There are 2 protein chains.
Amino acid sequence: MPRQIDLKKKLDQLRAFHRSERRAPSYSEMAELFGYSSKAAVYAPVRKLIDLGYLKRSAGGRIAFTQKATGKIAILGTVQAGFQSPAEEELLDTISLDEFLVRRPESTFLLTVSGDSMIDAGIHPGDLVLVEKNGAPKNQDIIIAQVDGEWTMKYFFRDKSGVYLDPANPAYSRIRPRGSMVVGGIVRAVIRKYQ
Amino acid sequence: MPRQIDLKKKLDQLRAFHRSERRAPSYSEMAELFGYSSKAAVYAPVRKLIDLGYLKRSAGGRIAFTQKATGKIAILGTVQAGFQSPAEEELLDTISLDEFLVRRPESTFLLTVSGDSMIDAGIHPGDLVLVEKNGAPKNQDIIIAQVDGEWTMKYFFRDKSGVYLDPANPAYSRIRPRGSMVVGGIVRAVIRKYQ
DNA sequence: GTTGAAACTGAACGATCGTTCAGGTATTAA
DNA sequence: TTAATACCTGAACGATCGTTCAGTTTCAAC
């Protein structure tokens, strides 16, 4: 499949260009990038990359990258499947963690976890939690809440007698807010970065 | 500070444009976006946004976004500090999870965790691990390895009698690879996404 | 009210843009 | 060898690009 290898190389060149310039090249820049001496020559591969979803056409015919091309991470299977090293020449789909994890960028924040009250849920001190404000929590959601003036992270539950918060650590106990409770946001993801 | 508020609004408009078009607008497009009737008017705010690091100048004078502008997530403090709602009118720095977590995009992959052998390290079945290939593991790194034909995720250690792998679950036991061991990669981050 | 500075306009410039197309070159199958 | 086909070239087009600048408007400070 010589055609696929060719496209893969061009996509890699485009990705390299994007990494340094943070924009899509013009047709003439692509011609130089690909080694053509006429910019008309790049129309064919560009059309194919658009069909494959790596590029898109913007106003005035200008080319822009899709997240499929600018995402940073290739997706493989499971740990048990391991790395069967998917034939390096393939056009690997990539994903952007931002697009994958963040639905509403304007109301999403990153907090650092302090305390071990959610440790049985696999949330350790020092972990980062991705929190979405302005949502309505459902049962068993993990939320950031202010109870009696103090901010905590707990499981959220609602029953017939009202709202309560459960920790994920037997050393702590259930909280039934007496006064007011402010929901700061809902934990949508947990991120742990090593070193 | 009326100047800051103005820039914040323009930056938001630029971010909205980038979300839909996935590129930076031209000067005439910016004029329309900002409500100016002359594209010469956008030079001043653009220069300021470049100075602040949200935009950059690319070849031919064209404007491109930096990751400071296209990142998706605002950074706050810790859980205990909570949301003191940082004066909505501020120019919030944002971060891209991709840039934050991925150092070498070309050799980074995402795997789904199966099995509970690392559960005491807070890595649960269904979690995603961000794995970097081609690195040399250090003691206590979590690695993906193929031992006797089977892929597993374990802590990596090396002592005077060789290499061994430890689980983070007392139900499993230490592995000292008899035959060959292939290191698939080093776990650089763990990501858990809810719902 | 006057003044001064900043913000904005509108027109102009050469350069580059995206697009098209006729023609040339290379590659492949018969 | 020939024919067919895909690939590439080079030139041309109007449109839009980034940039500059003289002139106007706006607005706050005095």
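Below, chains carry the letters A, B, ... as their sequence lines are ordered, and counting in each starts from 1. Note that the structure is a prediction, hence the values are computed from the model and not measured.
Note on the helix from C/dG1-D/dC30 to C/dA30-D/dT1: terminal axis deviation equals 30°, with five pairs used at each end and the result rounded to 10°.
With sequence neighbours excluded, no residue forms a side-chain contact (heavy atoms from CB on, under 4.5 Å) with B/Ala44. In this view, A/Gln67 satisfies the side chain to side chain donor-acceptor pair (under 3.5 Å) rule with no residue, not counting sequence neighbours. Not a single side chain to side chain donor-acceptor pair (under 3.5 Å) links A/Asp120 to another residue, sequence neighbours left out. Among residues two or more places apart in sequence or in another chain, the side chain to side chain donor-acceptor pair (under 3.5 Å) test is passed with B/Asp116 by B/Tyr172. Annotation: side chain to side chain donor-acceptor pair (under 3.5 Å) contacts of B/Glu99 (sequence neighbours excluded): none. Residues passing the salt bridge (charged side-chain N to carboxylate O under 4.0 Å, His left out) test with A/Arg57, sequence neighbours excluded: none.
When the C1' atom of D/dT19 is taken as reference, atom CD1 of B/Ile63 falls 12 Å away, rounded to whole Å. Rounded to a whole Å, the CZ atom of A/Phe34 is 17 Å from the C1' atom of D/dT9. Between the CZ atom of A/Arg62 and the P atom of D/dA15 there is a distance of 15 Å, given to the nearest Å.
Phosphate proximity of C/dT20 to A/Tyr43: absent, as no side-chain N or O sits under 4.0 Å from OP1 or OP2.
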Taking distance alone, no hydrogens or angles, what donor-acceptor pairs closer than 3.5 Å link side-chain atoms of residues 173-185 of chain A to residues at least two apart or in another chain?
residue: A/Arg174; atom: NE; partner: A/Asp166; partner atom: OD1; Å: 2.7
residue: A/Arg174; atom: NH2; partner: A/Asp166; partner atom: OD2; Å: 3.0
residue: A/Arg176; atom: NH2; partner: A/Asp159; partner atom: OD2; Å: 2.8

Would you give me the side-chain donor-acceptor pairs under 3.5 Å for residues 136-146 of chain B, sequence neighbours excluded?
residue: B/Asn139; atom: OD1; partner: B/Arg158; partner atom: N; Å: 2.8
residue: B/Asp141; atom: OD2; partner: B/Lys138; partner atom: N; Å: 2.9

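Residue whose closest nucleotide on DNA chain C sits further toward the 5' end, between A/Arg47 and B/Ala44: B/Ala44.
For A/Phe156 and A/Tyr164, the ring centers are positioned 6.0 Å apart or more.
Using a 4.0 Å cut-off on heavy atoms, none of the residues of residues 17-31 of chain B approach DNA chain C.
Counting only residues at least two apart or in different chains, side chain to side chain donor-acceptor pair (under 3.5 Å) contacts with residues 183-195 of chain A comprise A/Asp127-A/Arg192.
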Counting primed atoms plus P, OP1 and OP2 as sugar-phosphate and everything else as base, spell out the protein contacts along nucleotides 8-14 of chain C at 4.0 Å heavy-atom distance: B, S or - for each nucleotide, 5' to 3'.
SBB----

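Side-chain contact, A/Thr70 with B/Arg22: a donor N or O sits under 3.5 Å from an acceptor N or O.
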